[in-house]
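Contents: one structure, followed by commentary.
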Number of protein chains: 2
Amino acid sequence: MSRSVQPPQLDAFDRKILAILQRDNTTPQRTIGEAVNLSAPAVQRRIKRMTKEGVIQANAAIVDPMAIGQSVTIFVEVEVISETAAQIEEAKRAFASEPEIQQCYYVTGEADFILVIIVPTMGDYEALTRRLFFGNNNVKRFRTFVAMDRVKVGLNIPVEA
Amino acid sequence: MSRSVQPPQLDAFDRKILAILQRDNTTPQRTIGEAVNLSAPAVQRRIKRMTKEGVIQANAAIVDPMAIGQSVTIFVEVEVISETAAQIEEAKRAFASEPEIQQCYYVTGEADFILVIIVPTMGDYEALTRRLFFGNNNVKRFRTFVAMDRVKVGLNIPVEA
DNA sequence: CCCTCCGATGAAACAAACTTGCAAAACGGC
DNA sequence: GCCGTTTTGCAAGTTTGTTTCATCGGAGGG
């Protein structure tokens, strides 16, 4: 919920460690240490600090949706009618509270929000649209894109200097 | 690279384990075992199997882009001119090989591809568009959305029965 | 109906990784 | 140049992951 309050200082060691952990966070600290020229405990302390500071937000296994029987990935562009600060915040809260909404971005351009949704079936998506868009009179328009192929998936932030 | 060749059978144990690992893959196997009523070795074997089968695609730390100084998240809708199988595959390969392209989906709707891009600065994005879109004569049109706020981020596939 | 085979399981032993305490080194401010 | 702060590496202790092995239970065949 809370972002990093003060910009944490990340040195070259931290960045290299993050680059490794983003690729594979099961890498042993000893191996990381060898890669960055630091001892295992030093690596461990830095990881602990970055986790506490919120630089590392989570440690997650990435699962192939195809493996889980039916699951559909959908993109939605949402355009709202009124873009007052209060209503934008309200929309953010509404979107963020939906478990099916995997990612929600507030964007500039021809839309106001972009949502990434994963649901077991198209029927679940239809129910979600009913509840979320048709039931919300601040939604002007929304456009749906259904993923046929998940060509590439990741969330690796560029950390190199 | 290779998808799951044959749909792996996932039982209730596997699904519960995946649900936990998607939330936090640093959870000890013993703790997972208690949660699903299985011994630690059984959990370990299932994780190993699902990793080999590709159900678990990666184990990654999720990093807050805000913590890494400047970084911009951008959505791009790409519409291609010719949608032959060969050209679609070519585009998939081209997009997947770009490190800045975090996510690439082949979609139905008013666009053909949706890209999620993370770059340090807008200048890097401009350079990418030059190389990727203007240099590709199969790209009919692309629309850019710049993320002002990363309201929610995750990739949790629904695994509950 | 019983028997065998096969896969999965749990207990225990083992190996590897993580974590902590502590003294020394590096860095900065004065 | 001295001193306080911070970070480091080493070593010991603890937790976690991994392997081994005997056992259990179900499916198929005699």
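Residue numbers begin at 1 in each chain, while the letters A, B, ... track the order of the sequences.
Looking at heavy-atom distances under 4.0 Å, B:Pro41 makes contact with a base.
Between the C1' atom of D:dT7 and the CG atom of A:Leu10 lies a distance of 16 Å, rounded to the nearest Å. Taking atom CD1 on A:Ile17 and atom C1' on D:dT8, their separation rounds to 13 Å, with Å as the unit. Nucleotide C:dC18 holds its P atom 12 Å from the CG atom of B:Asn25, rounded to whole Å. For the pair B:Leu21 CG and D:dT16 C1', the computed distance is 15 Å after rounding to whole Å. Atom-to-atom, CD1 of B:Ile47 to C1' of D:dT16 comes out at 12 Å; the value is rounded to the nearest Å. What separates CZ of B:Arg30 from C1' of C:dA16 is a distance of 18 Å, to the nearest Å. One can place CG of A:Asp14 at 10 Å from P of D:dT7, the figure rounded to the nearest angstrom. When rounded to the nearest whole Å, the span between CG of B:Asp11 and P of C:dA8 equals 10 Å.
Counting only heavy atoms from C-beta on, A:Ser39 has its side chain closest to D:dG9 among C:dA8, D:dT7, D:dG9. Which of D:dT8, C:dA17, D:dT16 sits closest to the side chain of A:Pro28 comes down to C:dA17.
Taking a cutoff of 4.0 Å between a charged side-chain nitrogen and a carboxylate oxygen, B:Arg46 and B:Asp11 qualify as a salt bridge. Salt bridge status for A:Arg49 with A:Glu53: present, with a side-chain N to carboxylate O gap under 4.0 Å.
Within the 4.5 Å cutoff, the side chain of B:Thr129 has heavy atoms near those of the B:Phe134 side chain.
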Just do the salt bridge (Lys or Arg N to Asp or Glu O under 4.0 Å) check on A:Glu98 and A:Arg131 with the steps written out, would you?
CA-CA 11 Å; A:Glu98 295 289 339; A:Arg131 183 154 40 86; 2.8 Å; yes
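Side-chain N/O atoms of A:Gln29 include one lying less than 4.0 angstrom from OP1 or OP2 on C:dC18. Residue B:Lys48 places at least one side-chain N or O under 4.0 Å from the OP1 or OP2 atom of D:dT19. For D:dT16, neither phosphate oxygen OP1 nor OP2 lies less than 4.0 angstrom from any side-chain nitrogen or oxygen of B:Gln44.
Between B:Asn25 and A:Asn59, the side chains place no donor N or O within less than 3.5 Å of an acceptor N or O (distance only, hydrogens not considered).
You'll find a donor-acceptor pair under 3.5 Å spanning the side chain of A:Arg45 and the base of D:dG9, going by distance alone.
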